Amino acid sequence: MKSYILGNWKMNLLREEARALARSLCEIDFPRHVEVAVFPPFTSLSVTGGALQGCRIALGAQDCSEQSAHGAFTGDVSAAMLNDAGCRYVILGHSERRLYQQESNERVRRKAEAALAASLIPVICVGETQQDRTEGRHLEAVERQLRRSLPSLTHSNHFIIAYEPVWAIGSGATPTLAQIGEMHKTIASVLTYDTSGTRTSIVYGGSVKSSNAAEILAEDTVDGVLVGGASLKAEEFGAIIAGVKKG
Ligand code: PGA
């Protein structure tokens, strides 16, 4: 089973900064079972992809259009365009988009279907709010969000789920390992429709840094991490990669 270390650069880095970070990341050595990917803003995809030539780090984007046919959709970028730009992955339904762009579960599902149709691997984000957790509704909240955001059965099941509690993103707070384990098991139980025999990978995101990554990655139910702020510094991201168990 692979371990994923995914760096979400969000709306950061101009092209030269992106190029420099990608070049530094290429110096990092990591075992074969580890898959590292970075997710620059659209404007830096090309320069980052160029800087990653010849190294094993994959490229991803932070969103795509739900429209698979090209046409009059001003401001949108299609999954096929991302594939053409060298992307292997696309983050979908990040809580910042659900909040600031009012992205619904249904829209996330359609985006995931468009991404799969263009041979991209969607990283579908789900996570409860602080209020859901305080009121003890976190498991139901994530389960509902997940069921509605999943691509339909007719599509390939090659996607990744990222559990990102909204209250843990950028806050420095993280759930306990037991809370992460409980949620990842709940998510895994929803994914049982997978008939191909391959288990869907479930990664954790929210205030992951070099000081807590190794213990989170050591959890049985955790197949990797989605890292925001700490992915913007090569040394810090490198230390997170180094936290993955050997073998
Ligand atoms: P953070 O963000 O690591 O800065 O908390 C994670 C994310 O939003 O993907």
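Both ligands and their constituent atoms are indexed starting at 1 by order of listing. One is the number of the first residue; the rest follow in order along the sequence. Bear in mind the structure is a predicted one, so any value in this text is a computation, not a measurement.
Heavy atoms of G170 come nearer than 4.0 angstrom to ligand 1 in at least one pair. Remark: distances from the non-hydrogen atoms of K10 to ligand 1 include one below 4.0 Å.
An N or O contact shorter than 3.5 Å links G228 to ligand 1 by distance. Remark: ligand 1 and S171 share no N or O pair separated by less than 3.5 Å (distance only, no angle test).
To the nearest 0.5 Å, atoms CZ (R32) and NZ (K2) are separated by 10.5 Å. In this structure, R88 CZ and L59 CG are separated by 9.5 Å, a value rounded to the nearest 0.5 Å.
Applying the 4.0 Å criterion to heavy atoms of E164 picks out, from ligand 1, the atoms 6 (C), 7 (C), 8 (O), 9 (O). Heavy-atom proximity to N8, at under 4.0 Å, picks out these atoms of ligand 1: 9 (O). For ligand 1, the atoms sitting less than 4.0 Å from at least one non-hydrogen atom of H94 are 7 (C), 8 (O), 9 (O), numbered in the order shown with element in parentheses. Residue G206 has at least one heavy-atom neighbour below 4.0 Å for each of these atoms of ligand 1: 5 (O). For ligand 1, the atoms closer than 4.0 angstrom to any heavy atom of G229 are 1 (P), 3 (O), 4 (O).
Between I169 and S95, the shortest heavy-atom contact is CD1-OG, 3.2 Å. Here the closest heavy-atom approach between residue L217 and residue G224 is recorded as CD2-CA, 3.7 Å.
With hydrogens and angles left out, the side-chain atoms of H94 and E164 include a donor and acceptor closer than 3.5 Å. A donor-acceptor contact closer than 3.5 angstrom links the side chains of N105 and S149.
Each of E103, E106, E66 was scored for a salt bridge (Lys or Arg N to Asp or Glu O under 4.0 Å) with K111, with one residue passing: E103.
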